[in-house]
Amino acid sequence: MFLSVFDVFKPGLGPSSSHTMGPMTAAADFLDLLRRHKARAAAAALRVTLHGSLAFTGRGHATDRAVALGLLGFRPADIAIDDAERRLEALRAEKRLAPVDLPVLAFDPETAIVFDYGPPLPGHANGLVIAALDAAGAPLLSETFYSIGGGFVVTAAQRAADVPPPGTAADLRLWPYPFETSAAMLRMARDSGLSVAAMKRANELVGRSEAEVEAGLTRIWQAMNACVERGLSREGELPGGLRVKRRAKRIRDQLEREHGSNMAQPHVMTDWLSVYAMAVNEENAAGGAVVTAPTNGAAGVVPAVARYYLDHCIGADPARIPEFLLTAAAIGGLIKHNASISGAEAGCQGEVGSASAMAAAGLCAVLGGTPAQVENAAEIALEHHLGMTCDPVAGLVQVPCIERNGIGATKAVAAASLALRGDGSHFMPLDNCIAAMRQTGEEMSAKYKETSLGGLAVNLPEC
């Protein structure tokens, strides 16, 4: 399998790649299916049923809003927020849709989106069923979608047949360096004399020009960095009812006042790391524009470590950010292929754990690490997230998610530093660590996998 850097890092909308971006994409895809259906002219209404984690934490993750936006024709990568809000308000008032090349369809977001709190669907913890109904309420067309993490969506048939999601390719003959495991990645690096990023770039150049790859990587970093800057400049409470206050700007202001004084502690660099990550995840929690890295819930780790490299590392070179991103994407692809990046499937080890491994690998690479050291850095970071649960309070991507990104970023830097102190040889291979994460996710109780039924989600302050 080959997963492009442009699918690992995708522009989107907060607060969740699996609960917001995925359902939005599924809804838009369903309209395309309906346009091709022979009885489309008889369609009179739509109904959407959310299952599993999409039901249990869907309101906190704005899944109902995302579905409505998808049925209005929006997709995560090109949504215009002001226009989207205006059309959402009109939909709530008029309770009908007028999709291009389809009849007018009755759809009241308050009643036509059903939260099913029963057992999840068999294919994945994040399932939704979308149906088109005729004037008598009988189903004309129904499709089951699974939002499998990182904004990726597959149908039930694709999931059962193990068809790779859109954006991936399974024909290994197409790629000059078709590594599916870290062992294969290291072997190919030794044989070719290339870095992980160079091999990843060569794969990207199948079907894309050098200029397209460079321009795409530039856009990714610009979007990530812009999200950091927005988060560092904004104040106020985050939506959702928990009354969580934004902190990134206040902390950044404190750090800037202390700069150059004797007030700063030696660990001040970890504060900068945390505040970069928190800035991104406060934007995500507010429903702002973010880049999946590899998910929305973990979107702060990779840009935080990249900013740390640029702002605080000796000899940092902005021209090496593409190398950082390519290396991180290579590790993200391995984890997604061999385990999961979905919090509903693997817990937060699959989200922040994966992001930390990706960021550690990227930082190690741009600080001069060998492929063996890069693999070691990713393994150290992932190993020390194993078993981490996904237990968001009130189903919102706020507590503990925002701070957790900061801690994931600090672990990434520590992992890269430890790996650079060695020669790349180590006891636990990354492949085995990824397998352990997959097994741990399979055995983890559903209470701790993005359902808000256990852990921090049910241990709330009484005041």
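One-based numbering along the sequence shown. This is a predicted model, so every value here is computed, not measured. Values below: every heavy atom of this structure, side chains too, minus hydrogens, waters and symmetry copies.
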Audit row: Leu273, Val305, side chain to side chain contact (heavy atoms under 4.5 Å, CB included) steps and yes/no: CA-CA 7 Å; Leu273 262 174; Val305 175; 4.1 Å; yes

Set of residues satisfying side chain to side chain donor-acceptor pair (under 3.5 Å) with respect to [X], sequence neighbours excluded:
| X | value |
| --- | --- |
| Arg87 | none |
| Ser18 | Ser16 |
| His51 | none |

Heavy-atom pair with the smallest gap, counting every atom of [X] and [Y]:
| X | Y | value |
| --- | --- | --- |
| Val5 | Ile220 | O-CD1, 4.2 Å |
| Ile331 | Ala361 | CG1-CB, 3.5 Å |
| Val67 | Pro23 | CG2-CB, 3.9 Å |
| Thr410 | Ser274 | CG2-OG, 4.1 Å |
| Cys227 | Ala289 | SG-O, 3.5 Å |
| Ile335 | Ala357 | CD1-CB, 4.1 Å |

Got a sec, which pairs hit salt bridge (Lys or Arg N to Asp or Glu O under 4.0 Å) with one end in [range], sequence neighbours left out?
| range | value |
| --- | --- |
| residues 318-330 | Arg320-Glu323 |
| residues 255-272 | Arg252-Glu256 |
| residues 276-305 | Arg230-Glu283, Arg234-Glu283, Arg246-Glu283 |

Side-chain donor or acceptor of [X] paired with backbone N/O of [Y] under 3.5 Å:
| X | Y | value |
| --- | --- | --- |
| Glu351 | Thr295 | no |
| Asn405 | Asn281 | no |
| Gln373 | Gly424 | no |
| Asn126 | Gly149 | no |
| Asp391 | Leu456 | yes |
| Lys10 | Asp7 | yes |
| Asn432 | Met428 | no |
| Ser195 | Pro371 | no |

ring-ring contact (aromatic ring centres under 6.0 Å, His included) partners of residues 411-448, not counting sequence neighbours, each pair once: none

All pairs passing ring-ring contact (aromatic ring centres under 6.0 Å, His included) where residues 295-318 contributes a residue, at least two apart: Trp272-His312, Tyr308-His312

Among residues at least two apart in sequence or on other chains, which ones pass salt bridge (charged side-chain N to carboxylate O under 4.0 Å, His left out) with [X]?
| X | answer |
| --- | --- |
| Arg250 | none |
| Asp423 | none |
| Asp82 | none |

Kindly compute the distance separating [atom1] ([X]) from [atom2] ([Y]), expressed to the nearest 0.5 Å.
| X | Y | atom1 | atom2 | result |
| --- | --- | --- | --- | --- |
| Thr327 | Arg201 | OG1 | CZ | 10.0 Å |
| Met437 | Leu386 | CE | CG | 8.0 Å |
| Met199 | Ser192 | CE | OG | 5.5 Å |
| Ser356 | Leu382 | OG | CG | 8.5 Å |
| Lys200 | Leu325 | NZ | CG | 11.5 Å |
| Lys411 | Thr270 | NZ | OG1 | 14.0 Å |

Below 4.5 Å, heavy atoms only, C-beta onward: do [X] and [Y] meet side chain to side chain?
| X | Y | result |
| --- | --- | --- |
| Arg35 | Pro99 | yes |
| Gln398 | Val393 | no |
| Pro176 | Val206 | yes |
| Leu242 | Leu396 | yes |
| Ile148 | Arg159 | yes |
| Tyr177 | Leu194 | yes |
| Tyr276 | Asp311 | yes |
| Leu367 | Leu420 | yes |

Within 6.0 angstrom of His259 NE2, more than 12 heavy atoms from elsewhere: no

Stepwise side chain to side chain contact (heavy atoms under 4.5 Å, CB included) test for Phe6 and Glu212: CA-CA 11 Å; Phe6 304 114; Glu212 288 172 330; over 6 Å; no

Full working for side chain to side chain contact (heavy atoms under 4.5 Å, CB included) between Thr25 and Phe152: CA-CA 8 Å; Thr25 299; Phe152 292 99; over 6 Å; no

Charged N-O contact under 4.0 Å between Arg65 and Glu85: yes

Donor + acceptor pair across side chains of Glu450, Thr57 (<3.5 Å): no

ring-ring contact (aromatic ring centres under 6.0 Å, His included) partners for Phe56, two or more places apart: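 Counting only residues at least two positions away or on another chain, Phe56 forms a ring-ring contact (aromatic ring centres under 6.0 Å, His included) with Tyr117.
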
Side chain to side chain contact (heavy atoms under 4.5 Å, CB included) evaluation trace for Ser4 with Glu204: CA-CA 7 Å; Ser4 171; Glu204 297 291 344; 2.9 Å; yes

Partner of Ser53 by side chain to side chain donor-acceptor pair (under 3.5 Å), out of His61, His19, Lys449: His19

